[in-house]
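All figures in this text were calculated on a predicted structure; none of them were measured in a lab. Numbers restart at 1 for each chain; the letters A, B, ... are given by sequence-line order, proteins then strands.
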Amino acid sequence: MKKFMGFILWVLVTLILIVPVSAQASDQVGTDLVYRLKWKFNTSVAGDIYADSNGYFKQKGLKVEVKAGGVGINAIRELELGRAQFGVASADQVIQALEKGADIIVIAQLFQANPLQWIYRSDQPRIKTLQDLKGKRIGVTFGGNDDAIMKTILAKGQLTKTDVKIISVQGNALPFFKKDADLWPVYRNSQGVSYQDKLAREGEGVRFFNPQDFGVSFVANSVITTGKLYKKQPGLVNSFLSALLRAWEDAMTPEHENAVLNAVKQLDGGINDDIRKKQLAATKTLIKPDPDIKIGQIDMGGWEMTESILIKEGLIKKPVKIADRLIQIK
Amino acid sequence: MHLECSQLSFTYPGSDNAVIENLSFSMEKPGFKALFGPSGVGKTSLAKMIASMVPVNDGQILCQGIETVLYSYNLERLPGWSSCGNHLDKVTPEGKEMLQEQLVDIFELNEVTGSRFSQLSMGQQNRANLIRYLLQDFDLLILDESLANVDEKLREKIILSIKEIFPDKMFLYISHNLMEVSKFCSQILVFGKPGGQKQNFLIHGQDYTQGYELDKESLDHCMLEIMNAF
Amino acid sequence: MLFRRIYQFMIVYVIGVIFLWMIKLSLGLSDYVIPGISLLKDTAEEFGTGYFMDVVNTLSVTVLGQFLSIIMAFTVGIAGRKSSWIGSFIKVTAYNIQAYPIVALAPIIFILLGDGFLSRLLIASMICYFPLLLSVLGIMATPVTDIEHFYIVTGRMRWQLEVKIRAFENLSKLTTVIAGSATLAMAGTIVGEFISANAGIGYSIRIALYQSDMAKILIALFMIGIIISIYQGILESMGEHIKHRWSIVNKGDEL
């Protein structure tokens, strides 16, 4: 027993020695800034890539490293651990983190329309009302955003689980291609374009079911930073954001299109140029659906609806007063 | 019955030194024959060549009246999942049940047939193993130290009994016991020392059978002859 | 042995959680990054039972998957034990299939078997069977000359007898490998559930990951740890029992 207690003591002492070292390491915020994206480099983050490749940050005197995201990478965690100063997170991530006491603020909303939509074949009747979903076989990622959105849609259309058939999404769209599913969740500007292209080659047309068209707004990717950084160095946050949004504004104009496509190709060469071009066009409609809308504009109503959806679906237990954490920097 | 080797050579793959070089000898008639010599001179290699377990590099082995050659050795084991008696029953050809009983009796294994192989002493293990071979069909049975760890008295009894029960079979007995090979074998192939001038001699032994009378002088002479052949 | 396994796991788990809490405290992290005591307690109360049942569900597939992988390993091991063309072909095929990452093979498995129970089972067995296969191949391809010689020279050797001899001579090694492969079978089942299923703890972990819910993940890890400790403890006890019977045989008491 003595030996055993000795072992436990030894482990704890080792841990106590390790923790301050790791804490120190992660507290170090140098002059370099890290901007952590939500997903891998692709056309969806064209503006972010362009900001880096075309020196928008440099012009503002900032040294920013843009890092790709991916499975298991979470910008909010990176911010808290001091490994990044800015990041991209979806609204549900932000709201869930706020509920758990994370000190983060939203400084810009990149997507005005959520790219998460459902693709369906155009030989099927167009979905004009939510009642048209009746009897459809719908793909949903259980526990994912699309799950919460679809539940809200069904509730809004006064449909129950028995009115539709939910099919679990398992990382690939085989059920949709095999026609075992009628509607399949896709990111409109990436998978949406590829699937549309693939089916077009087989002579099939597609349509997209966009929840926003039916009054369900669920905010997608936004730019975040910590409340602490904004309080301490508002100038730095302003400079970063203005450089980033400037890059996005430019990236969405026809004059910069070739340069943007080239910059994206450097980091994501896995698809052909034609698809990439179509993806960029689709991204434009989500980032700047209207020429009057300024990129980065925060849709307060959308955020509040997102919060209420999360409460209703039991994904958060209490309201987080989201409006207080949305800082629209002019 | 005739076993003849002419100009036989054997080298292990990858080795430069021949274990057996230009070996020629001839053994006739059934009975006990011996391969005698120090370790490493090629007794086992020769035995395995005769049993066709290793290919003959050079030379010839001629067998007349010998169709089935079996090779047994002293490290063999019986499977452990059932008793020795069961295993013996399983490998006894039909019609040889009486012979099995007789051999178990002579080999003094009656009390241990219900035991597993691993429970036997080393001498018992070797005896149980040898019985299996004696129950098979063969013309020539090679006993490569197959009676190791068996006490001298019992060994003598076993050898004499085998000679009596199998008068028309040939046995090639590999042993390091000078007295034993001299007493019970009719022909003894003596291997020279390894690495030295490799000469082999075929010496006639006393070839005693059941109820023999010891002729001390002839035996001493035979043993001396073998010793001189080294 | 069972009890010891459980409390050893508890110690490791508690040390791990304390380590995380120390990081949380020293860096002032929110519950989103590392859940605190009260959140962990609330999550355990809310999801603990459900996760326990999920792990039991996963375990049922694990047990079946392990059984299947033992059969697969023995089939391939026995078929591939010869140094013949067919033997080496089977060995190369078995090695190649294992070399492919399971996530790359998963789509093919889904096409053939759908995304339900069978896919989970197959993926679990595939992850578990390779270490088993290596042991079985090693054992089955190594002759036990001292026993086999007699049967070969007397023309009595059949493949069943050869397998029996080699398996029996390596019984102790085989039972250890089988007990050890339980962890792999569990990991395999969880991976299978993570990428393909709609039930089991792997599926629940996937949902928790979507929601970035560390508290749920910690509770899931706890449940997995407890159940796998129990399962492995049982397997080890069974292995000991078999070895004990074998040693009785060796000592010659009975049987």
**Q** Between L29(C) and E80(A), what is the shortest heavy-atom contact and its length?
**A** CA-OE1, 3.3 Å
**Q** More than 12 non-hydrogen atoms from neighbouring residues, nucleotides or ligands closer than 6.0 Å to CZ on F52(C), yes or no?
**A** no
**Q** Could you please spell out the steps behind the side chain to side chain contact (heavy atoms under 4.5 Å, CB included) verdict for D213(C) and K100(A)?
**A** CA-CA 10 Å; D213(C) 197 329; K100(A) 287 173 183 162; 3.5 Å; yes
**Q** Can you confirm whether more than 12 heavy atoms, excluding those of K198(A), are under 6.0 Å from its NZ atom?
**A** no
**Q** Please report the C-alpha distance between R77(A) and M214(C) in whole Å, then the side-chain angles of each, then the deciding distance to 0.1 Å, and finally whether the side chain to side chain contact (heavy atoms under 4.5 Å, CB included) criterion is met.
**A** CA-CA 11 Å; R77(A) 280 197 202 118; M214(C) 275 293 284; 3.6 Å; yes
**Q** As a quick check of understanding, evaluate side chain to side chain contact (heavy atoms under 4.5 Å, CB included) for Y32(C) and N74(A), giving each step before the final call.
**A** CA-CA 11 Å; Y32(C) 183 73; N74(A) 181 311; 3.0 Å; yes
**Q** Return a table of donor-acceptor pairs under 3.5 angstrom between the side chains of residues 308-322 of chain A and protein atoms on other chains or two or more places apart.
**A**
from	atom 1	to	atom 2	distance (Å)
S308(A)	OG	M305(A)	O	2.8
K317(A)	NZ	E46(C)	OE1	3.2

**Q** Could you please spell out the steps behind the side chain to side chain contact (heavy atoms under 4.5 Å, CB included) verdict for F142(A) and R206(C)?
**A** CA-CA 9 Å; F142(A) 292 132; R206(C) 191 179 63 182; 5.5 Å; no
**Q** Need one label for L39(C): side chain, backbone, both or neither, based on atoms under 4.5 Å from any heavy atom in chain A.
**A** side chain
